[in-house]
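Both counts, for ligands and for their atoms, begin at 1 and track the order of listing.
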Amino acid sequence: MDQRTDQPSLTVIDNRTGKKYEIPIEDGTVRALDFRRIKVREDEFGMMLYDPAFTNTASCRSRITYIDGDKGILEYRGYPIEELAENSTYLETAYLLLNGELPHQGEFQDWVYQVTHHTFIHENVKNMIDSFRYDAHPMGILASTVAALSTFYPEAKNVMDPENRQRQAFRLIAKMPTLAAFSYRHSVGMPCVYPDNDLSYIGNFLNMMFRTTELKYTPDPVLEKALDVLFILHADHEQNCSTSAMRGVGSSHPDPYVSIAAATAALYGPLHGGANEAVLRMLRQIGNRQRVPEFVKNVKAGEGRLMGFGHRVYKSYDPRAKIIKRMADAVFEATGSNPLLEIALELERIALEEEYFVTRQLYPNVDFYSGLIYQAMGFPVDMFPVLFAIARTVGWLAQWEEMLRDPEQKIARPRQIYLGESKRAWVPRDKRVRA
Ligand code: ACO
């Protein structure tokens, strides 16, 4: 405690100079900028904090998503994920994330109307999709075309106008499924299916993905509900890699389309949005239930990882994985079981009993079962990160909105510790020698 101000503080003694500094503590955190006062000489830059990958650095104050990784708690705006998955819908959860409150009946109707009536994309965007190679990855198409929307809505650049931001949010939430489905249809050489405004958000997405010759597509209610829940589970996860990209790019105030494209690109990486695909590959490689003990033995010996297990934040069962596992039965009843499921169940059973996994607090994460469900629903593996991107769009937008309203936020600009050469004399090319 700082005796003079009664504020909790940290006392830092610089052993280089013997000087003592009182650093205020607020919300269990110290401000990095307070360390700048710590110097040996007056003309020095001052002390910085080094934190590659931001493993222990808070970049914002947020009121959107709360995670307690030790207890396995995930809440959106204070509502437990389990309750939202049980009682809410994806669009209602999207409203909650963006606006901070669950909508009243009238607010909800208006919200659904707005999202439903912004689903079409300009024909030129469709032509752009058609111009990609036949085997283009749908995630690459999605990132490119969402960036291209920037050129169709030039007014979106007025990012400090709240009404304008809301209009772009409607468009993005509404158009991401259309871009995603058109990208998929292109990759399988099928004609695009235009949005059907009579269907729910999820029902329409399934329609655009899978409709073939039916005059009117009717989604299977079990699959519609399951995908809705999966979208709720993926809607936000505080300051992860893609959200940090959204905030970082958005901090220089471009329109949200290019910022969402950057977030989509971050999600494309196998360390972020691609893990459920890796789970499927692993299960196929194991091949059958009998080979599970041998596979676990190899993992324990350091030969590869058990994909879909472990998490940087969750040190207990990922609450999203629990919900997905419960839902899997209903989905497999509608689709027929995924033969890889019994390998997954056996893998989980054995791993949870093994000391190696218990002592390292490795539990199934959201990706352990989601890929199995997506595959059973008929989504090809390439579409898994695309599904993630559609669901996460509202989380990115909510975080972007919060950043723009936060008076403390500025253009993101980390510091570095420079370790390179200094002040070298320029030498003409014919005189250069390499040691
Ligand atoms: N299988 C086997 N061992 C593991 C696993 C795993 N899946 N995950 C961690 N470990 C071990 C590590 O080898 C390490 O052991 P050691 O202490 O003997 O060296 C220890 O557990 C700690 O692991 P770290 O890599 O330090 O943990 P970190 O928090 O950096 O990694 C991560 C988290 C990347 C998720 C990791 O658990 C992993 O690679 N999991 C598999 C991939 C995966 O499922 N990713 C999806 C995450 S969810 C999402 O992004 C939506």
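With 3.5 Å as the limit, one finds a donor-acceptor pair spanning the side chains of Asn338 and Gln375. For Thr11 and Glu22, the side-chain atoms include at least one donor-acceptor pair closer than 3.5 Å. For the 3.5 Å distance criterion, the side chains of Thr55 and Asp51 qualify, holding a donor opposite an acceptor.
Considering backbone and side-chain N/O atoms, Phe309 comes within less than 3.5 Å of an N/O atom of ligand 1. Between Asn365 and ligand 1, a contact under 3.5 Å exists for at least one N or O pair. For the pair Gly308 and ligand 1, the shortest N or O to N or O distance falls below 3.5 Å.
Salt-bridge annotation for Asp196 and Arg211: absent, with no side-chain N of the basic residue lying under 4.0 Å from a carboxylate O of the acidic one. Remark: Glu303 does not engage Lys297 in a salt bridge, criterion side-chain N to carboxylate O under 4.0 Å. Under the 4.0 Å criterion applied to side-chain N and carboxylate O atoms, Glu401 and Arg165 are assigned as salt-bridge partners. A salt bridge does not link Glu82 with Arg326: every distance from a Lys NZ or Arg NE/NH1/NH2 to an Asp or Glu carboxylate oxygen is 4.0 Å or more. At a threshold of 4.0 Å, the pair Arg167-Glu163 does not count as salt-bridged, since none of the basic side-chain nitrogens sits closer than that to a carboxylate oxygen.
Listed by number with element, the atoms of ligand 1 under 4.0 Å from a non-hydrogen atom of Val299 are 2 (C). Each of the atoms 35 (C), 37 (O) of ligand 1 lies under 4.0 Å from some heavy atom of Gly310.
Of the protein's non-hydrogen atoms, Leu306 N, 3.0 Å is the one closest to atom 1 (N) of ligand 1. Protein heavy atom nearest atom 9 (C) of ligand 1, with residue, atom name and distance: Leu362 CD2, 3.4 Å. Protein heavy atom in closest approach to atom 45 (N) of ligand 1: Ala275 CB, 3.6 Å. Ranking the protein heavy atoms by distance from atom 17 (O) of ligand 1 puts Arg360 NE, 3.9 Å first. Among all non-hydrogen protein atoms, the one lying nearest atom 30 (O) of ligand 1 is Arg312 NH2, 3.2 Å. Among all non-hydrogen protein atoms, the one lying nearest atom 3 (N) of ligand 1 is Tyr356 OH, 3.0 Å. Counting protein heavy atoms only, atom 49 (C) of ligand 1 is closest to Asp367 OD2, 3.6 Å. Considering only non-hydrogen protein atoms, atom 39 (O) of ligand 1 sits nearest to Arg305 NH1, 2.8 Å.
In summary, the aromatic rings of Phe309 and Phe368 are positioned with their centroids under 6.0 Å apart. In this structure, the ring of Tyr66 has its center no less than 6.0 angstrom from the ring center of Tyr79.
Counting heavy atoms under 4.0 Å from ligand 1, residue Val279 does not touch it at all.
For atom 26 (O) of ligand 1, the nearest protein heavy atom is 4.0 Å or more away. Per-atom contact check: atom 19 (O) of ligand 1 does not touch the protein, criterion being a heavy-atom distance below 4.0 Å.
Not a single heavy atom of Phe368 lies less than 4.0 angstrom from ligand 1.
Of the candidates Lys300, Met307, His272, the one placing a heavy atom closest to atom 42 (C) of ligand 1 is Met307.
Using a distance-only test at 3.5 Å, with no hydrogens or angles considered, no donor-acceptor pair links the side chain of Glu92 to the main chain of Phe108.
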